[in-house]
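What follows is a single structure, written as structure tokens, with notes after it.
Chain letters run A, B, ... following the sequence lines, proteins first, then strands; residues in each count from 1. Just so it is clear, the values below take in all heavy atoms, side chains as well, and ignore hydrogens, waters and symmetry mates. This is a predicted model, so every value here is computed, not measured.
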There are 2 protein chains.
Amino acid sequence: MNPTDNSPLTLAEAKAQFVHTWGVSGASWGVSKTLAQVHALLLVSAVALSTEDLMEQLKISRGNASMTVRELLDWGLIYKELRPGERREYFVAEKDMLQVTRCIIRARKRRELDQMKRSLDQLAALPGDPANAEYRAFHSALTDIQQLATVSDKLLNRLMHAEKSWFWDKFIKLFM
Amino acid sequence: MNPTDNSPLTLAEAKAQFVHTWGVSGASWGVSKTLAQVHALLLVSAVALSTEDLMEQLKISRGNASMTVRELLDWGLIYKELRPGERREYFVAEKDMLQVTRCIIRARKRRELDQMKRSLDQLAALPGDPANAEYRAFHSALTDIQQLATVSDKLLNRLMHAEKSWFWDKFIKLFM
DNA sequence: CACAATTTTCAATAATTATTGAAAATTGTG
DNA sequence: CACAATTTTCAATAATTATTGAAAATTGTG
């Protein structure tokens, strides 16, 4: 069955393990397991895969495959590959990991951080009596969190818009 | 009822809104809503709170409060405050947001990134035929992901062990 | 060590989230 | 425009995760 049976894993097994691990990781970061697994499968695939392929390889339903693929397109993590004369759509993953990082940062920043900042701005503006210890504690916690949010925001913006060379240069030099 | 009724929100309402927002954010990052809410409540509280206080203010059960508090202690995000002559335990949050960031990075890195790196190392070592396009695609995706994981790991280590002044200095100067 | 105060555990249940799959919609082609 | 291929939608259901609450365990004190 396996032409290199003395090797610990076949390529298919290794891919399956990667898909599994990526799925578990995704799940613990609030991403659906299927989304992460479809992404993983496309990341390590040499060829574009159709919805049919995904359904078969991950044993998921047509509906699930369709919705998951659409969401990954939204994130910008995969692309459609249209083949002339074929109705069926194929998908390939963005393989450049800096680009992948950017897509994830952009999506999550917009959904979480930007919304959080809006809420913080509103709450930090709350007027109150500075002689009231409860008020002082609230206000000071809020401005600290705001400051962190602001710095994180700027940092993430920089990362998102960084040139590839800038990113690796600055970061590797600074941190390694 | 509210002594400053012309103000848009009372302090209690503002706290409640913060607790709610923090809870929603936590939930979308794979943390239980209750965990995030207990953390939020303690972050903006001027005084230490008991399990009883948490149960009452967040309307959660004793069991839930107990488990959540224990998990936050594990993360290092809150501390016990023992009062002489009292059996009951009180809790205060770590208020320094750099410290909070460190705790979160440390916990998540250990749980997710370190485990992912172990899996990647194993899979990237898979021998195979370089003439096989499927194998080449798999191997190259894996080494790219490994490189990202390694750089992320070093970056996070730096952040985790950074002095407060170093962190703000370097980062604010670099990114603002 | 008995007791009361408090915390922890964990099986049962509730709440939430993910998934299915059939029906409807869309798309391209003769 | 009819038809077949394919995708999308979404109500129903399954699977997962969070929460409860009562019983057991722990802790400190007389």
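In this structure, the side chain of A:Q122 does not engage the main chain of A:S119 through any donor-acceptor pair within 3.5 Å. Proximity of a side-chain donor or acceptor of A:H39 to a complementary backbone N or O of A:L72 within less than 3.5 Å is not detected.
For A:I60 and C:dT17, the CD1 to P distance is 20 Å, given to the nearest whole Å. The distance between atom CZ of B:R83 and atom C1' of C:dT6, rounded to the nearest whole Å, is 15 Å. Between A:E89 atom CD and C:dT26 atom P there is a gap of 14 Å when expressed in whole angstrom units. Between the P atom of C:dA23 and the CZ atom of A:R62 lies a distance of 15 Å, rounded to the nearest Å. Per the geometry, CZ belonging to B:F91 stands 13 Å off P belonging to C:dT6, to the nearest Å.
With hydrophobic clusters built from ILVMFWY side chains whose heavy atoms lie under 4.5 angstrom apart, A:W29 does not share a cluster with B:I105.
Legend: residues meeting salt bridge (Lys or Arg N to Asp or Glu O under 4.0 Å) with B:R62, ordered by chain and number and at least two apart, are B:E52. In this structure B:D129 satisfies the salt bridge (Lys or Arg N to Asp or Glu O under 4.0 Å) test with no other residue, sequence neighbours excluded. By the salt bridge (Lys or Arg N to Asp or Glu O under 4.0 Å) test, B:E89 pairs with B:K80, sequence neighbours left out. Checked against side-chain contact (heavy atoms from CB on, under 4.5 Å), B:K109 has the following partners two or more places apart in sequence or in another chain: B:L113, B:D114, B:D153, B:L156, B:N157, B:M160. Residues meeting the side-chain contact (heavy atoms from CB on, under 4.5 Å) test with A:A46, sequence neighbours left out: B:E134, B:A137. Residues satisfying the salt bridge (Lys or Arg N to Asp or Glu O under 4.0 Å) test with A:R136, not counting sequence neighbours, are none. Every residue two or more places apart in sequence or in another chain that forms a side-chain contact (heavy atoms from CB on, under 4.5 Å) with B:E81 is listed here: B:A48, B:R83, B:Y90, B:V92.
Between B:L49 and B:F91 the shortest side-chain heavy-atom distance does not fall below 4.5 Å.
Residue A:R70 places at least one side-chain N or O closer than 4.0 Å to OP1 or OP2 of D:dT9. Contact check, A:R88 against D:dT6: a side-chain N or O comes under 4.0 Å of OP1 or OP2.
A cation-pi contact, defined as under 6.0 Å to the ring centre and within 45° of the axis, links A:R111 to A:W75.
When all heavy atoms of A:L120 and A:L142 are compared, the closest pair comes out as O-CD2, 4.1 Å.
For B:S61, taking side-chain heavy atoms from C-beta onward, the closest of the listed nucleotides D:dT19, D:dT7, D:dT9 is D:dT19. Side-chain proximity of B:S66 to D:dT20, D:dT9, C:dT8: nearest is C:dT8.
Contacts with DNA chain C (heavy atom under 4.0 Å) in residues 39-58 of chain A: none are found. Contacts with DNA chain C (heavy atom under 4.0 Å) in residues 18-38 of chain A: A:S32, A:T34, listed by number.
Annotation: the span from B:M116 atom CE to A:S28 atom OG amounts to 8.5 Å, rounded to 0.5 Å. A distance of 9.0 Å separates OG in A:S50 from CE in A:M55, rounded to the nearest 0.5 Å.
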Could you list, one pair per line, each protein nitrogen or oxygen that sits under 3.5 Å from a nitrogen or oxygen of nucleotides 10-13 of chain C, together with the distance?
none

Could you go through nucleotides 28-30 of chain D and list every protein N or O atom that sits under 3.5 Å from one of its N or O atoms, giving the distance for each pair?
none

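With 3.5 Å as the limit, one finds no donor-acceptor pair spanning the side chains of B:Q115 and B:R118.
Base pairing in DNA chain D gives the following stems of 3 or more Watson-Crick or G-U pairs, range against range and under 3.5 Å: C:1-30 with D:1-30.
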